[in-house]
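For reference, the structure discussed in these notes is given below.
All values below come from the heavy atoms of this structure, side chains included, with hydrogens, waters and symmetry mates left out. Note that ligands are numbered from 1 as they come in the structure, with each ligand's atoms numbered from 1 the same way.
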Amino acid sequence: MINIIVFCVFFTNAYGYFTIPGKCPENIALQEDFRIADFYGKWYQAYHFSSDGQNLNNCSTLELMTRPSGIYLNQSRVDRGLFHRYSIGKVEIPTRVEDAANLELTFAFKNAPRRLKTRKYPFKVLATNYNYYATIYTCQYSPLIDKHFMYIWILSRNPVLNMVSKELSMKPLQQFGVNDIHDKMVKEDRSKCAPKYYDDVPLEPVTFRFPVPI
Ligand SMILES: *[C@@H]1O[C@H](CO)[C@@H](O)[C@H](O)[C@H]1NC(C)=O
Ligand SMILES: *[C@@H]1O[C@H](CO)[C@@H](O)[C@H](O)[C@H]1NC(C)=O
């Protein structure tokens, strides 16, 4: 019974989350000769696209960190103008040089049920010039309902992305076949980035929210 309830909850959520018909786009061109060493330092999210239309926070930043156990990505954000929160994912470095831009993030949840303990999501670098902009996307496919979810980050080294960088960063998006995707990019609100509360433990990422592949 519990299983059925759990399944129904997942299933109903899946309908809101996976909205684009078919599989994840294939053969998307990624940044050639991607150098992760040059990607360190703070990135501000300037625009984003979440295919389920959810805009959950403001003031998002991304930053790589090195720990003894590997390279991690710190995604931080301000929720509802009140809470400063972050999520930490381990960056899986591709073994083949040709795949350098084809990164993956693994999130670990110690207290979650066994099959939800680790979650892996693609994190593909479409384009970057390291000093001004970066375009990254992730995609999750549900075979059960034959639809996918996509999230795109347009990142900027400065809180404001200049016009030329904006144009360059949005160029790769044409490959996705989403109508008027440029107009659907949501500009990040940076007017209230000093929230009242700070959470000092990592929380779930909001850029990929579906925990299990179904
Ligand atoms: C993650 O980034 C945020 C914002 O820069 C920072 O406040 C937080 O301390 C960072 N978390 C870790 C574990 O470094
Ligand atoms: C983002 O910022 C705007 C303006 O401050 C605010 O109205 C909105 O609620 C914020 N959204 C989230 C999800 O924090």
Quick check on ligand 1: any N or O pairs to the protein under 3.5 Å? One line per pair.
residue: ligand 1; atom: 2 (O); partner: Asn74; partner atom: OD1; Å: 3.4
residue: ligand 1; atom: 2 (O); partner: Asn74; partner atom: ND2; Å: 2.3
residue: ligand 1; atom: 11 (N); partner: Asn74; partner atom: ND2; Å: 2.9

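Counted by atom type alone, Thr135 and Ser169 present zero donor-acceptor pairs between their side chains at under 3.5 Å.
Phe149 and Tyr151 have tilted rings, their planes meeting at an angle from 30° to 60° on a 0 to 90° scale. Relative ring orientation between Phe39 and Phe34 is described as perpendicular, the plane-to-plane angle rising above 60° on a 0-90° scale split at 30° and 60°. Between Trp153 and Phe123, the ring planes are perpendicular. Angles over 60° get that label, and only those under 30° would be called parallel.
One finds the CD atom of Glu104 at 8.0 Å from the NZ atom of Lys124 (value rounded to the nearest 0.5 Å).
Glu188 contributes a side-chain N or O that, together with a main-chain N or O of Ser60, makes up a donor-acceptor pair within less than 3.5 Å.
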